[in-house]
Visitor: 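Have a look at the structure that comes next, please.
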Amino acid sequence: WCYRAEQKFAEHMKEKNEARSEFAKKKSLLEQRQYLPIFVSIFHLLCRRSIQTSLFFSFKSTILDGRLLPDRHSFLAIYRDNNIVIVVGETGSGKTTQLTQYLHEDGYTSYGMVGCTQPRRVAAMSVAKRVSEEIGSNLGDEVGYAIRFEDCTSEKTLIKYMTDGILLRESLRESDLDHYSAVIMDEAHERSLNTDVLFGLLREVVSRRTDLKLIVTSATMDSDKFAAFFGNVPIFHIPGRTFPVDILFSKTPQEDYVEAAVKQALQIHLSGLMGDILIFMPGQEDIEVSDMSGFIPLLVAVLPIYSQLPSDLQAKIFQKAPDGVRKCIVATNIAETSLTVDGIMFVVDSGYCKLKVFNPRIGMDALQVFPISQANANQRSGRAGRTGPGQCYRLYTQSAYKNEMLTTTIPEIQRTNLANVVLLLKSLGVQDLLLFHFMDPPPEDNMLNSMYQLWILGALDNTGALTPTGRLMVEFPLDPALSKMLIVSCDMCCSADILIIVSMLSVPAIFYRPKGREEESDQVREKFSVPESDHLTYLNVYMQWKNNNYSSIWCNDHFIHTKAMRKVREVRSQLKDIMVQQKMNLVSCGSDWDIIRKCICAAYFHQAAKLKGIGEYVNVRTGMPCHLHPTSSLFGMGYTPDYIIYHELVMTTKEYMQCVTAVDGEWLAELGPMFYSVKQAGKTEERQEGSFQFQIRAKKLISHPSAGFAGK
DNA sequence: TTCTCGATG
């Protein structure tokens, strides 16, 4: 009974509604709601302190009545007495759709909205749609949602679903969140960057506003930690409805996880058991390399899925395979949380994932393969138990799981560049960032480095306070250096052009390089190439796309991701609105591309490299060798400028600079005087014309500002 | 001469 209910409820999350379940057709929405575990089952309350009394009464009344009362009553009773509650809601418990409605039904929406945050946009949209149907109103009236680029709420809205990033932005405008009577932070156990910042902020807001209620959802394993962080608050457990999954560990460690995964999938297939297979791999490359050719005569549809895959190919994993054909989906961790495929009976888990880790000391990201955490492993195996009992084959030993894996993944806030977080907190008036209450504080090094970077960009002054430039930078949903570039471009009269470049840089992967057609796509890409700059190459691509009426056919013909370009246009339009609002003028410099390069230099002078040898560069400040990425316009051309700036430094197989632009040495000294000085070199034999030659040297900083504002 | 895990504003 339980299993069937879960199966049916899974239906409502599907984007396409044509296959509405019989359950959904027969039962009214109210009846469906009452089937949910959150409504009918007993809450297991691990209570603390004074909460015990109120819990006692609510359970007592349950028993007195002689039947199981819907435990929403005991939940609401506890909630009335506590400003913050942790809810452990397992998959299929109904917490996401029901908690908001309970609060609404209990009168909380009479003095403000009930807000519910989600880490992902699709979730915010689809849940809002479902809840508006349950309440019986049009989406956008009583129940609405807000995500970037789309605000589907009105003055009537009482229940608002949104991404956590939106709530964070709202707190900039209204730091006490006065519009809300209650906030539910859903999927908080995923610990997104925004969630972690909101944790610290909301903890303060609740202490200031005694009428604001907060619910934080968590996974079982970190509920105690969450409760402690918010001040020993009560924890509710709501059971879920999923099918049992057999977990099978590898007896010995696997050396080659790709090969092991393929073998395991074949073995499952030959076992004669029915059901689709989902394989978790760390990255796109492993997925493409996975040689499933042994499957072809055996009636298996091998389907790759990763975020960079064009959407028409992505859609294939949701299509029903022909009769008698088994689907074998090979996925990155996109299939862990972001998308759900029904009918998976077998999961094969490589035990690895790719993560970006930031090294503040050298300002470099590294994209590395790491063992997954136990939480990841459980999430992956759970994917086999959504529509029936399943099996999960883990390509690692039980001892590796127990002894080598972390219980949970290191939260993003501890492994990312914090410049944006620091800027946001500064603008929210947080004086001493090192004392800000993070659940898991980021490394101090990282915080100081981010403050330093903001000082370089002129967003913070010598005392660590926000400057007018910094205040303007916060307005943009961009990384600080990109905001800075946009602001500077107004004075340099190339804002319309920089606006496009900034928008292009805000979107991943413009160029598409399909397997088997690498050379062909490289040749097409070269046609867009501006020899001295990848930034200008991007501008060129956008202008040509615009001249071709933003055509998607044109994109396909030129190996350009249509989806990415559409997003560029959306971002551009949003940024333009903010510029208009901030009274920043929009002007193009036409074909004077030197101005554009100088403008880029004004915001990125801190990421400069100097030519050393043929096609080899070293970082001007650190002396560290770094390489042009083979996708760069400057790569392999005869043209090797003395100085370049880079947008990003990523360590993969080597230290690669991604997106570079040639700059004049004098610009570096002019725009980044805290780093560079111009030194007049003596005439040397090799140099002709006797002209001054400039040597840009990294200058030792006279005063390191972090010393000044570490404590303040 | 390489490849970008996943999300967000």
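Each chain gets a letter, A, B and so on, in the order its sequence line appears, and its residues count up from 1. Side-chain atoms are counted along with the backbone in the values below, which use heavy atoms only and exclude waters and symmetry mates.
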Visitor: At under 4.0 Å between heavy atoms, what does A/Phe370 touch on the DNA or RNA strands: base, sugar-phosphate, or nothing?
Guide: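 Here A/Phe370 touches no strand at all.
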Visitor: Centre of A/Tyr401's six-membered ring, under 6.0 Å away, within 45 degrees of the axis: is that where NZ or CZ of A/Arg394 sits?
Guide: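 Relative to the ring axis of A/Tyr401, which defines the angle, A/Arg394 lies inside both limits.
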Visitor: Could you pull out all residues at least two apart from A/Glu150 that satisfy side-chain hydrogen bond (donor to acceptor under 3.5 Å, both in side chains)?
Guide: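 For A/Glu150, the residues satisfying side-chain hydrogen bond (donor to acceptor under 3.5 Å, both in side chains) (neighbours in sequence not counted) are A/Tyr145.
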Visitor: Can you name the closest pair of heavy atoms from A/Ile287 and A/Ala331 and give their distance?
Guide: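 Closest approach of A/Ile287 to A/Ala331, heavy atoms only: CD1-C, 3.7 Å.
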Visitor: Using a 4.0 Å heavy-atom cut-off, does A/Arg148 contact any base of the nucleic acid, only the sugar-phosphate backbone, or nothing at all?
Guide: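 Base: the residue A/Arg148, judged by heavy atoms under 4.0 Å, touches a nucleobase.
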Visitor: Using the salt bridge (charged side-chain N to carboxylate O under 4.0 Å, His left out) definition, which of the options A/Asp164, A/Asp222, A/Asp440 pairs with A/Arg191?
Guide: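 The single option meeting the salt bridge (charged side-chain N to carboxylate O under 4.0 Å, His left out) with A/Arg191 is A/Asp440.
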Visitor: Is there a donor-acceptor contact under 3.5 Å linking the side chains of A/Thr408 and A/Ser373?
Guide: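 No, A/Ser373 and A/Thr408 have no side-chain donor paired with an acceptor closer than 3.5 Å.
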Visitor: Using a heavy-atom cut-off of under 4.0 Å over every strand shown, decide if A/Gln574 touches base, sugar-phosphate, or nothing.
Guide: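 Contact class for A/Gln574: none.
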Visitor: NA contact type, A/Gln658, heavy-atom cut-off 4.0 Å: base, sugar-phosphate, or nothing?
Guide: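 It contacts base atoms.
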Visitor: Under 4.0 Å, heavy atoms only, any strand: does A/Arg513 hit a base, just the sugar-phosphate, or nothing?
Guide: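 Base, at least one base atom sits under 4.0 Å.
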Visitor: For A/Leu478 and A/Leu367, take the nucleotide of DNA chain B holding the closest heavy atom to each; which residue's nucleotide lies nearer the 5' end?
Guide: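 With A/Leu478 and A/Leu367 compared, the 5'-side residue is A/Leu367.
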Visitor: Judged by each residue's nearest nucleotide on DNA chain B, which is more toward the 5′ side, A/Lys356 or A/Arg121?
Guide: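 Result: A/Lys356.
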Visitor: Taking any heavy-atom pair under 4.0 Å as a contact, classify A/Ile334: base, sugar-phosphate, or nothing.
Guide: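 Counting heavy atoms under 4.0 Å across all strands, the contact made by A/Ile334 is with sugar-phosphate only.
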Visitor: Between which nucleotides of DNA chain B, 5' to 3', does chain A make heavy-atom contacts below 4.0 Å?
Guide: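 That gives a stretch of B/dT1 to B/dG9.
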Visitor: Heavy atoms only, 4.0 Å cut-off, all strands: where does A/Ser506 land among base, sugar-phosphate and nothing?
Guide: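 The residue A/Ser506 makes no contact with any strand.
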Visitor: Only pairs at least two apart or in different chains count here, so list each salt bridge (charged side-chain N to carboxylate O under 4.0 Å, His left out) that has a residue in residues 562-576 of chain A.
Guide: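 Those involving residues 562-576 of chain A do not exist here.
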Visitor: Tell me what A/Tyr306 touches on the nucleic acid: a base, only sugar-phosphate, or nothing, going by heavy atoms under 4.0 Å.
Guide: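 If one applies the 4.0 Å heavy-atom cut-off, A/Tyr306 turns out to touch the sugar-phosphate alone, with no base involved.
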Visitor: What contact category does A/Gln308 fall into here, base, sugar-phosphate, or nothing, at under 4.0 angstrom with non-hydrogen atoms?
Guide: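 Contact class for A/Gln308: base.
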Visitor: Apply side-chain hydrogen bond (donor to acceptor under 3.5 Å, both in side chains) to A/Thr631 and list each qualifying residue two or more places apart in sequence or on a separate chain.
Guide: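 In terms of side-chain hydrogen bond (donor to acceptor under 3.5 Å, both in side chains), with neighbours along the sequence ignored, A/Thr631 is linked to A/His629.
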Visitor: Who are the ring-ring contact (aromatic ring centres under 6.0 Å, His included) partners of A/Tyr396, not counting sequence neighbours?
Guide: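 Residues passing ring-ring contact (aromatic ring centres under 6.0 Å, His included) with A/Tyr396: none at all.
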Visitor: With a non-hydrogen cut-off below 4.0 angstrom, is A/Asp164 in contact with a base, only sugar-phosphate, or nothing?
Guide: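 The answer is nothing, as A/Asp164 stays clear of every strand by at least 4.0 Å.
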Visitor: Would A/Arg415 count as a cation-pi partner of A/Phe358, with NZ or CZ less than 6.0 Å from the six-membered ring centre and within 45° of the ring normal?
Guide: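 Geometry flag: not set, cation outside 6.0 Å or 45°.
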Visitor: Tell me which residues in residues 188-201 of chain A lie within less than 4.0 Å of DNA chain B, going by non-hydrogen atoms.
Guide: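 Listed by number, there are none.
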